[in-house]
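Because the structure is a prediction, the values reported are computed rather than measured.
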Amino acid sequence: MGRLYLIQLDGRFYSCRRCRSHLANCDELLSKAFHCRHGKAYLFNNVVNVSAGPQEDRMMTTGKHTVADIYCNCCQQLVGWKYESAYEKTQKYKEGKFILERAKMIDGDGSDFYLDTHHVGSDADDE
């Protein structure tokens with residue numbers, strides 16, 4: 001196994017809660033109006049330091065999507081998923097975009113901004 005290479009982001013960014021690896025620059029944030037199994041989730045145009053698992057079809061509240069779970073390259077924690085394709089025309093804007101679960105990340109300055117502790121319904125709950 002080779003040496004792990006991680007991208008270090010400049011400016012304000014979100015990091016993995018477990019290992020603090022950089023995951024996404026705040027400038028890449030598209031929406032905070034998403035939900036997942038563990039509560040709130042954010043939609044990003046691009047993320048770094050993640051690896052994608054196998055693609056699978058999932059029925060979500062907004063319709064059927066082909067997605068791939070994404071994992072932190074450093075600690076292997078599941079941090080969200082990537083939208084590979086959408087079956088509904090109105091959902092095509094998600095293709096190629098990434099969801100990061102808010103419970104799995106922290107603000108780039110190390111502060112823990114995840115305050116929600118109750119379960120919230122989600123797209124991913126309908127799998």
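The distance from the NE2 atom of His35 to the CZ atom of Arg102 is 10.5 Å, given to the nearest 0.5 Å. Interatomic distance, NZ of Lys82 versus CD1 of Ile70, reported as 9.0 Å (0.5 Å rounding). In this structure, CZ on Phe98 lies 8.5 Å from CG on Asn45, to the nearest 0.5 angstrom. The distance from atom CG of Leu23 to atom CD1 of Ile7, rounded to the nearest 0.5 Å, is 11.0 Å. With rounding to the nearest 0.5 angstrom, the CG atom of Asp57 is 11.0 Å from the CD atom of Glu84. In this structure, the separation between CG on Leu6 and SG on Cys19 is 7.5 Å, given to the nearest 0.5 Å.
When all heavy atoms of Ala103 and Arg17 are compared, the pair lying nearest together is O-NE, 2.6 Å. For Gly53 against Ala68, the heavy-atom pair with the smallest separation is O-CB, 3.5 Å. Taking every heavy atom of both residues into account, Lys104 and Leu78 meet most closely at NZ-O, 3.0 Å. Taking all atoms of both residues into account, the shortest heavy-atom contact from Gly63 to Glu88 is CA-CG, 4.3 Å. Here the closest heavy-atom approach between residue Leu43 and residue Leu29 is recorded as O-CD1, 3.6 Å. Nearest heavy atom pair, residue Ala24 against residue Val47, reads CB-CG1, 4.1 Å.
The pair Lys97-Glu95 does not meet the salt-bridge criterion, since no charged nitrogen lies less than 4.0 angstrom from a carboxylate oxygen.
Side-chain contact check for Glu101 versus Tyr42: every heavy-atom pair is 4.5 Å or farther apart. Contact of the Arg20 side chain with the Ile106 side chain is registered, since non-hydrogen atoms from C-beta on lie closer than 4.5 Å. In this structure the side chain of Asp69 reaches within 4.5 angstrom of the side chain of Arg58, judged on heavy atoms. By the 4.5 Å heavy-atom criterion applied to side chains, Lys92 and Lys94 are not counted as neighbours. Annotation: side chain of Cys16 is not in contact with side chain of Cys74 (no heavy-atom distance under 4.5 Å). With contacts defined as side-chain heavy-atom distances shorter than 4.5 Å, the pair Met60/Val67 qualifies. Contact check for Tyr71 versus Val79: no side-chain heavy atoms found under the 4.5 Å cut-off.
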Point to revise | Derivation and outcome, salt bridge (charged side-chain N to carboxylate O under 4.0 Å, His left out), residues Arg12 and Asp107 | key: CA-CA 8 Å; Arg12 190 155 177 248; Asp107 231 353; 3.0 Å; yes

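Side-chain atoms of Asn25 do not come within 3.5 Å of backbone N or O of Phe13 as any donor-acceptor pair. Proximity of a side-chain donor or acceptor of Asn73 to a complementary backbone N or O of Ser51 within less than 3.5 Å is detected. Between the side chain of His65 and the main chain of Ala86, no donor-acceptor pair closer than 3.5 Å is present.
Between Ser21 and Asn49, the side chains place no donor N or O within less than 3.5 Å of an acceptor N or O (distance only, hydrogens not considered).
In terms of the ring pair (Phe, Tyr, Trp, His ring centres under 6.0 Å) criterion, residue partners of Phe44 (sequence neighbours excluded) are, by chain and number, Tyr14.
No continuous path of hydrophobic side-chain contacts links Tyr87 to Phe34 [ILVMFWY only; heavy atoms under 4.5 Å].
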